[in-house]
Trainee: 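Starting off with a structure, shown below.
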Amino acid sequence: MPLVGDRADYYNVPIYALTANRLLATLGSLKGEVNCDICVVGAGFTGLSAAFELALKGFSVIILERTEIGSGAAGRNGGQLIRGFAQSPDWLTEKYGAPAAKFMSNVSLEGLALILARINNLGIKCDLKFGHMTAALEQKHMADLKGEIKAWEKIGHDDLQMMGKDEVQDLIKTKAYIGGMFDPKGAHIHPLNYALGLAQAAQKAGAKIYDHTTVLRVIPGDTPKVVTSQGSVTAKYVILAGAIGMEGAKSIRRKSITATAHMIATEPLGERRARNIMGRDIAVSDARFIMDYYRLSGDYRVLFGGNCNYSDKGYAGEDQRLRQRMIKIFPQLQSTRIDNCWSGQLEFTINRMPALGRLSPTVYYAHGFGGHGVIATNILGKIMADAVSGQAQRFDVFAKIKHQPFLGGDLLKRPLFVLGMTWYRLRDML
């Protein structure tokens, strides 16, 4: 049924933008030439995290954002704080050795602690709730999750819990799952409110934010220059924080590809109805490669995502497809209204690990978090800040991860990627 009236005006707006709890006064669009110690391109989690840490260290910092703070993935994601990276500790061990696997996994847990500390110390109101479940739909998922628990135990973390069908159904009011892996340290937040709180803290520490500023190119050198549509920034260092679409970043752009994720938000259910969906206010994702994920918002809506689109074409009816996936898990939501449906871009590398590195001694970059980035972007933003300020040991561990270009070049990269993801989708159905 087509939307009419006021609801049609905001249906495709992320619910986070409609429930933002603070307004920020930025410096608007950059005009003219300015100078600073560090120029950060991108006001998502990575850029805000790096800028905040650098401003605290006393550097003069300028943040350039093409649209608005958190308008990209930071304000459109599932809001789930999930430990680790897209690859398991066992995969990391096989690929990079046990010490590196333990280091990277511990960095992820440090990232979770970092977010929690910022929320507490900076007084960020972002609906923080604890608990994450990775739900199993079939026996092979149970075996995989048991393996994941053992992998974390090998590197010294024994807090993940395997749950059976009855335990999971006490937490999630559905018959869809036969068990799951519960992480008591996992959590979920209102991601845009967290980003806005971090941006405000960066401003208070001295960082300057210019939004609605399109970066055209980056010119490396001893004093690199960032050229925008109406001005430029000359700095000692530049950080490209998930922003690689400008001239000068082609070498790293070839090693990543985007996909589109969609989410829906139901009408507010009220606490009583919400408890018939979730016995406890935790975040959930299932154990499939192409997963469903969901949680309750602070005002008791179901926020539901999944069915990622890996092509570069938009398809009508994504809200209804997600609604049907939601109803398959929760038939009790059959008559529930959908208030919002929005999309956001994910960026993948071939190995699904984040890509960090240097385009030159003075230009740093980070991108390719592949839908597993709420924690990773925050801690790796801090690690980038450490590297720029002279402590690059931890940055260099991640920078040594090799990332291959996607096959097919500009013409065939996308079709080959879609073909590969179709195979994974079919595997999930078997």
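Numbers for residues simply follow the sequence, beginning at 1.
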Trainee: Looking only at the side chains, is there a donor atom on one of R118 and S49 sitting less than 3.5 Å from an acceptor on the other?
Mentor: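 S49 and R118 do have a side-chain donor-acceptor pair below 3.5 Å.
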
Trainee: Have Y16 and N77 got a donor and an acceptor in their side chains that come within less than 3.5 Å?
Mentor: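 No, no side-chain donor-acceptor contact under 3.5 Å.
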
Trainee: I'd like to know if the side chain of S297 pairs up with that of D299 as donor and acceptor (distance under 3.5 Å, no hydrogens or angles considered).
Mentor: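 Distance-only check passes for S297 and D299.
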
Trainee: Test ring pair (Phe, Tyr, Trp, His ring centres under 6.0 Å) on F45 and Y194; report intermediate values, then the result.
Mentor: CA-CA 9 Å; F45 289 148; Y194 171 79; 5.7 Å; yes

Trainee: Closest heavy-atom contact between A202 and A55?
Mentor: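 Smallest heavy-atom distance, with atoms named: O-CB, 4.2 Å.
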
Trainee: For R273 and T336, does a side-chain donor sit closer than 3.5 Å to a side-chain acceptor?
Mentor: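 R273 vs T336: donor-acceptor pair found between side chains.
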
Trainee: So L112 and R83, side-chain contact (heavy atoms from CB on, under 4.5 Å) or not? Walk me through it.
Mentor: CA-CA 7 Å; L112 173 59; R83 71 170 70 192; 5.7 Å; no

Trainee: Taking the six-membered ring where the residue is Trp, are the ring centres of F369 and F85 under 6.0 Å apart?
Mentor: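 F369 vs F85: aromatic centres not under 6.0 Å.
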
Trainee: Quick check: does any side chain N or O of E94 sit under 3.5 Å from a backbone N or O of W91, one acting as donor and the other as acceptor?
Mentor: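 No, because the side chain of E94 does not come within donor-acceptor range (under 3.5 Å) of the backbone of W91.
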
Trainee: Working note: K382 + D386, criterion salt bridge (charged side-chain N to carboxylate O under 4.0 Å, His left out); need CA distance, chi angles, decisive distance, verdict.
Mentor: CA-CA 6 Å; K382 181 181 186 301; D386 292 340; 3.5 Å; yes

Trainee: Compare all side-chain heavy atoms of L303 with those of L296 and state whether any distance is below 4.5 angstrom.
Mentor: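 A side-chain contact under 4.5 Å is absent here.
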
Trainee: Rounded to the nearest 0.5 Å, what separates atom CD1 in I383 from atom CZ in R394?
Mentor: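 Answer for the CD1-CZ pair, I383 versus R394, is 4.0 Å.
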
Trainee: In this structure, are over 12 heavy atoms from other groups packed under 6.0 Å from D222 atom CG?
Mentor: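 12 or below, so no.
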
Trainee: How many angstroms lie between atom NZ of K400 and atom OH of Y96, to the nearest 0.5 angstrom?
Mentor: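 Between atom NZ of K400 and atom OH of Y96 there are 13.0 Å.
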
Trainee: More than 12 foreign heavy atoms under 6.0 Å from NZ of K129: is that the case here?
Mentor: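 Above 12, so yes.
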
Trainee: Rounded to the nearest 0.5 Å, what separates atom CH2 in W342 from atom CG in N12?
Mentor: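 Going from CH2 on W342 over to CG on N12, the span is 11.0 Å.
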
Trainee: Could you check whether any side-chain heavy atom of K95 comes within less than 4.5 Å of a side-chain heavy atom of L92, counting everything from C-beta outward?
Mentor: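 K95 vs L92: side chains apart.
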
Trainee: Report yes or no: do Q80 and H188 form a side-chain donor-acceptor pair below 3.5 Å?
Mentor: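 Not at all, the side chains of Q80 and H188 share no donor-acceptor pair under 3.5 Å.
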
Trainee: Assess the side chains of H132 and S285: does a donor N or O sit below 3.5 Å from an acceptor N or O?
Mentor: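 Judged by distance alone, the side chains do pair up.
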
Trainee: side-chain hydrogen bond (donor to acceptor under 3.5 Å, both in side chains) for S88 and D90? Distances and angles first, verdict last.
Mentor: CA-CA 5 Å; S88 73; D90 274 351; 5.4 Å; no

Trainee: Are there over 12 heavy-atom neighbours, none belonging to K225, within less than 6.0 Å of that residue's NZ?
Mentor: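 No - once you tally the heavy atoms of other residues, nucleotides and ligands closer than 6.0 Å, there are 12 at most.
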
Trainee: Is a side-chain donor or acceptor of S343 paired with a backbone partner of A261 at a separation under 3.5 angstrom?
Mentor: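 Flag not set: sc S343 to bb A261 has no pair under 3.5 Å.
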
Trainee: Give the minimum heavy-atom separation between N21 and N193, together with the two atoms involved.
Mentor: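 Closest approach of N21 to N193, heavy atoms only: N-OD1, 2.8 Å.
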
Trainee: One pair to check against side-chain contact (heavy atoms from CB on, under 4.5 Å): H403 and M353. What are the steps and the verdict?
Mentor: CA-CA 9 Å; H403 294 277; M353 290 293 291; 4.2 Å; yes

Trainee: Using modelled atom types only, decide if a donor and an acceptor are shared between the side chain of D37 and the backbone of S60 within a distance under 3.5 Å.
Mentor: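 Present.
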
Trainee: Under 3.5 Å, side chain of R301 to main-chain N/O of A265, donor-acceptor pair present?
Mentor: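 Absent.
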
Trainee: One pair to check against ring pair (Phe, Tyr, Trp, His ring centres under 6.0 Å): F395 and Y364. What are the steps and the verdict?
Mentor: CA-CA 10 Å; F395 177 87; Y364 290 67; 5.2 Å; yes

Trainee: Give the intermediate values and the outcome of side-chain contact (heavy atoms from CB on, under 4.5 Å) for residues V374 and I82.
Mentor: CA-CA 8 Å; V374 177; I82 306 173; over 6 Å; no

Trainee: Can you confirm whether more than 12 heavy atoms, excluding those of R66, are under 6.0 Å from its CZ atom?
Mentor: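 No, CZ of R66 has 12 or fewer neighbouring heavy atoms, counting only those of other groups under 6.0 Å.
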
Trainee: Counting C-beta onward and ignoring hydrogens, is there a side-chain heavy-atom pair between Q203 and L24 closer than 4.5 Å?
Mentor: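 The answer is yes; the side chains approach within 4.5 Å.
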
Trainee: Under the salt bridge (charged side-chain N to carboxylate O under 4.0 Å, His left out) criterion, do D286 and R325 qualify, and how do the steps go?
Mentor: CA-CA 12 Å; D286 67 44; R325 291 172 76 99; 5.6 Å; no

Trainee: Could you tell me whether the side chain of K165 reaches within less than 4.5 Å of the side chain of K175, counting heavy atoms only?
Mentor: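 Side-chain contact under 4.5 Å: no.
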
Trainee: Using side-chain heavy atoms (C-beta onward) and a distance below 4.5 Å, is L56 in contact with L54?
Mentor: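 Not in contact.
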
Trainee: Is the CD atom of Q345 crowded by more than 12 outside heavy atoms at less than 6.0 Å?
Mentor: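 Yes.
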
Trainee: Tell me, with the steps shown, if D158 and K150 meet salt bridge (charged side-chain N to carboxylate O under 4.0 Å, His left out).
Mentor: CA-CA 8 Å; D158 59 0; K150 289 181 179 178; over 6 Å; no

Trainee: What is the distance from atom CD of E318 to atom CZ of R323, rounded to the nearest 0.5 Å?
Mentor: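 Going from CD on E318 over to CZ on R323, the span is 14.5 Å.
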
Trainee: On a heavy-atom basis, which atom in P191 and which in A74 lie closest, and how many Å separate them?
Mentor: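 Minimum heavy-atom contact is CB-O, 3.2 Å.
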
Trainee: Can Q169 and T174 be counted as having a side-chain donor-acceptor contact under 3.5 angstrom?
Mentor: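 No, no side-chain donor-acceptor contact under 3.5 Å.
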
Trainee: Which heavy atom of R275 sits nearest a heavy atom of D281, and at what distance?
Mentor: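 Where R275 meets D281 most closely, the heavy atoms are NH2-CB, 4.3 Å.
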
Trainee: Side chains of I327 and Q334, heavy atoms from C-beta outward: is any pair under 4.5 Å?
Mentor: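 Yes; the side chains approach each other to less than 4.5 Å.
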
Trainee: Evaluate ring pair (Phe, Tyr, Trp, His ring centres under 6.0 Å) for F330 paired with Y294, printing each intermediate quantity in order.
Mentor: CA-CA 11 Å; F330 298 113; Y294 52 89; 5.3 Å; yes

Trainee: Working to the nearest 0.5 Å, report the span between CD of E267 and OH of Y300.
Mentor: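 Reported value, rounded in 0.5 Å steps: 15.5 Å.
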
Trainee: Are M326 and L333 side-chain neighbours, meaning at least one heavy-atom pair lies under 4.5 Å?
Mentor: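 M326 reaches L333 side chain to side chain.
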
Trainee: Below 4.5 Å, heavy atoms only, C-beta onward: do H367 and I252 meet side chain to side chain?
Mentor: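 Yes; the side chains approach each other to less than 4.5 Å.
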
Trainee: Quick one: which residue pairs count as a ring pair (Phe, Tyr, Trp, His ring centres under 6.0 Å) with a foot in residues 150-187, not counting sequence neighbours?
Mentor: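 Of all non-adjacent pairs touching residues 150-187, those that pass ring pair (Phe, Tyr, Trp, His ring centres under 6.0 Å) are W152-H157.
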
Trainee: In terms of heavy-atom contacts, does NZ of K102 have more than 12 from other residues, nucleotides or ligands at under 6.0 Å?
Mentor: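 Check fails, neighbour count at 12 or below.
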
Trainee: T258 and E347: side-chain donor and acceptor closer than 3.5 Å?
Mentor: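 Their side chains do not contain a donor-acceptor pair, so the 3.5 Å distance test is not met.
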
Trainee: Just how far is it from atom CG of L240 to atom CZ of R358, taken to the nearest 0.5 Å?
Mentor: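 It comes to 13.5 Å.
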
Trainee: Please walk me through it: do D170 and R280 pass salt bridge (charged side-chain N to carboxylate O under 4.0 Å, His left out)?
Mentor: CA-CA 8 Å; D170 281 342; R280 180 175 162 188; over 6 Å; no

Trainee: Is a side-chain donor-acceptor pair under 3.5 Å present for E65 with T67?
Mentor: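 T67 vs E65: donor-acceptor pair found between side chains.
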
Trainee: Closest approach of A51 and V61, non-hydrogen atoms and distance?
Mentor: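 Nearest pair, atom of A51 first, then V61: CB-CG1, 3.8 Å.
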
Trainee: If I compare all heavy atoms of C39 with all of A235, which pair ends up nearest, and what's the gap?
Mentor: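 Reported closest heavy-atom pair: N-CB, 3.9 Å.
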
Trainee: Determine whether D183 and Q161 satisfy the following criterion, side-chain contact (heavy atoms from CB on, under 4.5 Å), listing intermediate values before the conclusion.
Mentor: CA-CA 7 Å; D183 182 358; Q161 306 165 20; over 6 Å; no

